[in-house]
Amino acid sequence: MNAPVNPSKPAGKPAQASPSPASEERSLNFLEQIIEADNASGKWGSWDGSKTPRVHTRFPPEPNGYLHVGHAKSICLNSGLAKKYGGKFNLRFDDTNPAKEEQEYVDSIIRDVKWLGGDFDTGPNAGGLFYASNYFDQMYAFAVELIKKGRAYVCQLSGDEVSARRGTPTVPATSPWRDRPAEESLRLLDEMRDGKHANGAMTLRAKIDLASPNFNLRDPVMYRIVHEEHHNTGKKWCIYPMYDWAHGLEDSLEGITHSICTLEFENHRPLYDWFIDAINDGRGPDSEWGMPIHHPQQIEFAKLRPTYTVMSKRNLLKMVEEKVVSGWDDPRMPTISAMRRRGYPPEALRNFVTDVGVTKVESYIDVGRLENAARDVLNKTAPRAMAVLRPLKVTIENWPEGKVDELDFVINPEDAAAGKRKVPFSRVIYIERDDFMENPPKKFFRLAPGAEVRLRWAYFITCTGVEKDAAGNITGIRATYDPATRGGDAPVGPDGTPTKKVKGTIHWVSAEHAVAAKVRLFDRLFSAETPGERTGNYMDDLNPNSLETVDALVEPWLAQHASYDHKSLEGARFQFERLGYFCIDKDSAPGGLIFNRSVTLKDSWAKEAKPG
RNA sequence: UGGGGAUUGGUGUAACGGUAGCACGAGUGACUCUGACUCACUUAGUCUAGGUUCGAAUCCUAGAUCCCCAACCA
């Protein structure tokens with residue numbers, strides 16, 4: 001007891017960094033840890049003529065649908081890693097199944113990857129654009145090699161027969177063709193390639209282990225016969241490689257170091273390694289086969305799953321086909337093209353996916369975080385403007401008929417460089433219906449009979465009366481303005497202090513100058529956090545109110561700046577003050593403005609008013 | 001019932017045998033010409049049971065729960 005048990009800090013532990021600004025450094029995620037360990041050990045060597053360790057990643061989509069936020073995570077991850085470690089990033093189409101793939105998807109994917117900032121063809125980290133289909137000849141040669149090495153065979157079982165002979169976890173599979181002579185398989189494979197056999201007549205299978213508890217290893221199919229035109233190779237091939245056979249070879253041929261994929265491929269990693277090892281078996285300096293090929297490392301991570309949406313391409317395709325949405329780029333969809341159309345800046349998506357991090361834990365991400373990421377970027381960058389979604393007419397009784405005042409409007413309080421502009425003010429204006437209540441609750445800061453509010457950047461007005469139709473509906477209100485409040489500033493007394501204050505500030509547009517516009521208000525496509533969980537059918541959870549279109553009135557400046565860039569596919573983005581962020585839709589035209597609501601502003605009043 | 005993974009506040013994520021921290025959310029307050037933004041404070045966690053150890057989120061043992069795998073899809 002007398003002797004100090006542990007008089008000092010433990011050995012081998014670095015002194016603790018003081019909790020100072022230095023603690024801002026983000027800890028490494030598990031992928032970065034792997035890469036840094038590889039870099040330290042020199043596992044992948046370095047780039048020619050430099051000391052920079054080689055880090056080469058890729059994004060390998062199948063062109064069978066549009067990219068969604070989940071893909072955005074992979075794109076940002078892979079291109080971000082290449083950028084961070086001075087490496088290269090490839091875009092590669094895994095186009096090995098012509099039955100499902102189309103050029104339209106190729107085009108959309110290239111657009112989306114570029115828009116997101118995945119620089120595969122420009123800048124210091126550009127690795128290039130590739131197609132698996134460009135490697136078909138090389139893959140075929142590898143397959144021949146494996147047959148000759150006794151590692152593959154042509155199997156003439158039908159699909160049903162293979163299923164029937166698949167076995168169980170403890171009972172092995174069988175194939176009567178497993179031990180046929182290599183010459184026979186070689187001849188048959190050539191015949192398959194030459195189109196001499198029908199779809200499904202035979203396959204090339206790897207001879208691995210029919211008893212493996214991992215079913216992927218029970219002699220997986222390498223080639224199947226598919227008589228189908230390919231978007232890239234046309235009719236040249238009528239056999240196409242399976243994913244497991246093809247993917248590692250694609251990575252190998254491109255010199256990929258870290259082949260990052262999602263968790264469901266964990267069971268496939270032994271296969272990924274087996275094929276490359278099998279090819280390398282017997283290769284070497286004096287080998288007839290040549291030197292060993294590059295062997296990348298497959299690493300898996302958990303895919304991104306936001307709440308209140310579905311992500312599988314199959315489900316998304318169904319919604320497009322059944323016209324539940326207007327298309328892949330319907331702004332309610334979780335696709336990248338939809339989010340672009342909705343007005344989300346690419347930076348917001350990038351921030352979102354890095355903020356959420358990368359691990360092997362399967363989890364749902366609150367889709368609100370994506371919305372927050374959009375707000376964050378838009379708040380700093382979007383010019384402010386005024387628009388009234390549900391107009392209520394206000395007549396200012398003491399404002400002279402025909403008089404127009406031009407008032408200064410701050411374009412973006414978050415960005416002084418954005419400057420100011422003029423907004424016209426006149427006797428009749430529109431305000432938001434929600435901003436007036438005849439019998440307001442206690443904490444209602446807006447307009448009500450006898451109450452005074454500030455019209456943003458304009459004047460204080462006081463409500464003096466309500467106009468109603470025969471049915472008792474409010475059709476308009478009357479008010480007076482205070483000339484001493486021009487610009488929206490409270491009047492000050494001789495001592496410099498305000499002589500009156502108002503709690504509320506509301507937005508408005510001048511009736512005489514307002515421009516009509518359609519505004520699409522989007523809500524979440526599904527009303528359940530995990531669509532389909534309740535009934536098994538995700539369509540049952542569709543939110544019937546996910547789209548509302550209103551006839552709004554916007555200030556004239558907005559109409560003048562309502563541009564849509566057909567090159568970047570982005571519409572001009574704005575904040576409609578107190579409402580949210582909006583952008584010009586691609587369907588918009590000078591005579592028929594259309595805005596999409598990207599995301600609302602946070603609204604603590606709505607929170608308070610609703611649950612009541 | 002075979003194989004492969006995972007498990008830290010409401011959510012996401014750190015810790016790598018040595019003070020369980022950060023972000024988001026939520027709550028409260030301040031500020032405000034956007035009920036926004038910003039700022040401050042508060043809230044709340046190691047799946048369970050044993051064991052090793054001066055000390056366990058971390059190592060060991062046994063369980064629990066969840067996800068993936070028997071397409072000629074990727």
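These numbers come from the heavy atoms of this one structure, side chains and all, not from hydrogens, waters or symmetry mates. Quick caveat: nothing in here was measured; it's all calculated off a predicted structure.
Contacts of A:Leu157 with the nucleic acid, taken as non-hydrogen atoms under 4.0 Å apart, include base atoms. In this structure, A:Phe265 reaches the bases: a heavy-atom distance under 4.0 Å links it to at least one base atom across the strands shown. Counting non-hydrogen atoms under 4.0 angstrom, A:Pro241 reaches the backbone sugars and phosphates but no base. Using a 4.0 Å heavy-atom criterion, one finds that A:Gly488 contacts the bases of the nucleic acid, with or without backbone contacts as well. Note on A:Glu266: only backbone sugar-phosphate atoms sit closer than 4.0 angstrom, heavy atoms only; bases stay farther off. Across all strands, A:His507 comes closer than 4.0 Å to no nucleic acid atom at all (heavy-atom distances). Residue contacts shown for A:Thr96 are limited to sugar-phosphate atoms, with no base heavy atom under 4.0 Å away. No contact: A:Gly580 has no heavy atom under 4.0 Å from any strand. No contact: A:Thr307 has no heavy atom under 4.0 Å from any strand.
Nucleotide B:A23 holds its C1' atom 13 Å from the CG atom of A:Asn351, rounded to whole Å. At whole-Å resolution of the value, CG in A:Leu31 and P in B:U13 are 13 Å apart. Atom CZ of A:Phe215 and atom C1' of B:C69 are 8 Å apart (whole Å).
Look at A:Asn29 and you won't find any side-chain N or O under 4.0 angstrom from OP1 or OP2 of B:U13. Contact check, A:Lys607 against B:G27: a side-chain N or O comes under 4.0 Å of OP1 or OP2.
Between A:His268 and A:Tyr243, the ring planes are perpendicular. Angles over 60° get that label, and only those under 30° would be called parallel. Note on ring orientation: taking the six-membered ring where Trp is involved, the planes of A:Trp557 and A:Phe574 are perpendicular (angle over 60°, cut-offs 30° and 60°).
Residue A:Arg224 places its side chain closer to B:C73 than to any other of B:G2, B:C73, B:A26.
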*asked:* For A:Trp245 and A:Phe275: C-alpha separation, side-chain torsions, deciding distance, then whether ring-ring contact (aromatic ring centres under 6.0 Å, His included) applies.
replied: CA-CA 7 Å; A:Trp245 165 235; A:Phe275 278 124; 5.0 Å; yes

*Going 5' to 3' along nucleotides 35-42 of chain B, which nucleotides have protein heavy atoms under 4.0 Å from the base (write B), which only from the sugar-phosphate (write S), and which from neither (write -)?*
BSS-----

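Of the residues in residues 195-203 of chain A, those lying under 4.0 Å from RNA chain B by heavy-atom distance are A:Gly200, A:Thr203.
Put simply, CG on A:Asn351 and SG on A:Cys76 are 9.0 Å apart, with the number rounded to the nearest 0.5 Å.
In this view, A:His197 satisfies the ring-ring contact (aromatic ring centres under 6.0 Å, His included) rule with no residue, not counting sequence neighbours.
Heavy-atom nearest nucleotides on RNA chain B were determined for A:Pro213 and for A:His268, and the one closer to the 5' end corresponds to A:Pro213.
A donor-acceptor contact under 3.5 Å links the side chain of A:Gln33 to the base of B:C16. Between the side chain of A:Asn267 and the base of B:G3 there is at least one donor-acceptor pair of N/O atoms closer than 3.5 Å.
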